[in-house]
S.K.: 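Let me give you the structure first, and then I'll get to my questions.
Quick note: numbers below take in every heavy atom, side chains included, and nothing from hydrogens, waters or symmetry partners. Note that the coordinates shown come from a computational prediction; the quantities given were computed from them, not determined experimentally. First the proteins, then the strands, lettered A, B, ... as listed; each starts at 1.
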Amino acid sequence: MDREQVCLLKEIMEVSFVLDETSLYLDTHPNDERALRLHNNYAQKYSEIVSLYEAKYGPLQNHNMSQYPWAYINGPWPWEFDYRLC
Amino acid sequence: MWIYEKKLQYPVKVDTCNPTLAAMLLEQFGGADGELSAGIRYLTQRWTMPTDRAKGLLTDIGTEELAHWEIIGTLAWKLVKDASEEEIKGTPFEAHYVNHGKSPFPHNAAGAPWTANYIQSKGDPIADLHEDMAAEQKARATYEYLIQISDDPGVIDTLRFLRQREIVHFQRFGEALMIVQEDLDSRKFY
Ligand SMILES: [Fe+2]
């Protein structure tokens, strides 16, 4: 397993978790401008880091673009990663 | 619709091979107060929710619960994937093994299969949001029992994360309840 891939995926997971948290909060506080700014900042960061990951390791979602051959299916799948490597 | 994203919500680390612990964790995979119940409950309740804020919240928490379900399945899998038949024999996982091998399955720790009887969707937003708040507390309590009986540091770390999420969800559902209550009250007056 590629240690670099584990590190990059964990970074994505971290940024993504911020978005999980901000979106739940915004669902019940849609007028909180500060929280919304935080959410938008991380949404931007998220799309940047995902593009970086996908260029190297293939699509995270099956709707995204892939190099040839179709790389979406490439392991490791999320439950197969050894997250201790990073 | 849903789109799968090839990642877990939390980096699941497992340090030991432990079929007994895997069997106990299945309580949150297919038990009454587990993640499958949570996800199906919240996603089912959306159709009769009266306010947009609560619709959004049920959608997002329901979706997150399915990600938690995936985390529990991953914990259980990692705890048994390297187990030999000798290591499985005599453990509470043995009964699971003779039916499902090493695949997780949505039944509880005692082997009772998941059933929709575990959840409710009442078509009444006040009743539903109260059910949801209770469900989050019951899930939190289950996680605390599981943390008490776990001896794998990686598993404990992940269970702590999941326990914390139940507390956040409880908080958000409480806010949604107030929002829905205000909405219903204002409709009565005007
Ligand atoms: Fe929850």
S.K.: Quick check on the hydrophobic clustering: are Val168(B) and Tyr42(B) connected, directly or via other members, by side-chain heavy-atom contacts under 4.5 Å?
M.R.: no
S.K.: Hey, is OH on Tyr42(A) packed in by over 12 heavy atoms from elsewhere, all under 6.0 Å?
M.R.: no
S.K.: Should the heavy atoms of other residues, nucleotides or ligands under 6.0 Å from CH2 of Trp69(B) be counted, would the total exceed 12?
M.R.: no
S.K.: Honestly curious: do Val14(B) and Tyr97(B) fall in one hydrophobic cluster under the side-chain, below-4.5 Å linking rule?
M.R.: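 No, Val14(B) does not connect to Tyr97(B) through the hydrophobic network.
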S.K.: Quick check on Ile179(B) against chain A: is it the side chain, the backbone, both or neither that has a heavy atom closer than 4.5 Å?
M.R.: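 When you check distances to chain A, only side chain atoms of Ile179(B) fall under 4.5 Å.
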S.K.: Walk me through it: do Asp82(A) and Lys13(B) pass the test side chain to side chain contact (heavy atoms under 4.5 Å, CB included)?
M.R.: CA-CA 7 Å; Asp82(A) 186 350; Lys13(B) 294 167 195 149; 5.8 Å; no
S.K.: Just so I understand: if I count every heavy-atom pair under 4.5 Å between each of Ala67(B), Gly56(B), Gly154(B) and chain A, which residue has the most?
M.R.: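 Greatest number of close heavy-atom pairs with chain A: Gly56(B).
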S.K.: Is it the side chain or the backbone of Leu9(A) that comes within 4.5 Å of chain B heavy atoms, both, or neither?
M.R.: side chain
S.K.: Listed by residue number, which members of residues 24-39 of chain A have a heavy atom under 4.5 Å from any heavy atom of chain B?
M.R.: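 Within residues 24-39 of chain A, near chain B: Leu24(A), Tyr25(A), Asp27(A), Thr28(A), His29(A), Pro30(A).
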S.K.: Taking side chain as everything from C-beta outward and backbone as N, CA, C, O, which of these in Gln9(B) sits under 4.5 Å from a heavy atom of chain A? Side chain, backbone, both or neither.
M.R.: both
S.K.: Return the minimal non-hydrogen interatomic distance between Lys78(B) and Tyr83(A), and the atom names on each side.
M.R.: NZ-CD1, 4.1 Å
S.K.: If we define contacts as heavy-atom pairs under 4.5 Å, which of Asp20(A), Leu60(A), Ile12(A) has the most with chain B?
M.R.: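 Greatest number of close heavy-atom pairs with chain B: Leu60(A).
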S.K.: What part of Lys55(B) gets within 4.5 angstrom of chain A, counting heavy atoms only: side chain, backbone, both, or neither?
M.R.: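 Lys55(B) has no heavy atom closer than 4.5 Å to chain A.
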S.K.: With a 4.5 angstrom heavy-atom cut-off, is it the side chain or the backbone of Phe161(B) that approaches chain A, or both, or neither?
M.R.: side chain
S.K.: Is Leu75(B) linked to Phe81(A) within one hydrophobic cluster, defined over Ile, Leu, Val, Met, Phe, Trp and Tyr using a side-chain heavy-atom separation of less than 4.5 Å?
M.R.: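 Linked, Leu75(B) and Phe81(A) end up in one cluster.
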S.K.: Sort by residue number and list every member of residues 63-80 of chain A having a non-hydrogen atom under 4.5 Å from chain B.
M.R.: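 From residues 63-80 of chain A, the residues near chain B are His63(A), Ala71(A), Tyr72(A), Ile73(A), Asn74(A), Trp77(A), Pro78(A), Trp79(A).
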S.K.: Has Tyr4(B) got more than 12 heavy atoms of other residues, nucleotides or ligands less than 6.0 Å from its OH?
M.R.: yes
S.K.: Just give me the residue among Glu14(A), Glu21(A), Arg84(A) that pairs up with chain B most often, heavy atom to heavy atom, under 4.5 Å.
M.R.: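 Looking at each of Glu14(A), Glu21(A), Arg84(A) in turn, Arg84(A) comes out on top.
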S.K.: At a heavy-atom separation under 4.5 Å, does Ile61(B) approach chain A through its side chain, its backbone, both, or neither?
M.R.: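 Both parts, backbone and side chain.
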S.K.: I need the minimum non-hydrogen distance between Met13(A) and Tyr10(B), along with the two atoms involved.
M.R.: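 Smallest interatomic distance, heavy atoms only, reads CE-C, 3.4 Å.
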S.K.: With clusters defined by side-chain heavy atoms of hydrophobic residues (ILVMFWY) lying less than 4.5 Å apart, directly or transitively, does Phe17(A) cluster with Ile3(B)?
M.R.: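 Hydrophobic grouping puts Ile3(B) apart from Phe17(A).
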S.K.: Please flag which part of Gln171(B) lies under 4.5 Å from any non-hydrogen atom of chain A: side chain, backbone, both or neither.
M.R.: neither
S.K.: Quick check: are there more than 12 heavy atoms from other residues, nucleotides or ligands sitting under 6.0 Å from CD of Glu4(A)?
M.R.: no
S.K.: Pick one of side chain, backbone, both or neither for Asp52(B), based on which atoms fall under 4.5 Å of a heavy atom in chain A.
M.R.: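 Answer is neither: Asp52(B) stays 4.5 Å or more from chain A.
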S.K.: If you count heavy atoms of other groups shown closer than 6.0 angstrom to CZ of Arg160(B), is the number above 12?
M.R.: no
S.K.: Does Tyr46(A) belong to the same Ile/Leu/Val/Met/Phe/Trp/Tyr cluster as Leu8(B), with side-chain heavy atoms less than 4.5 Å apart forming each link?
M.R.: yes
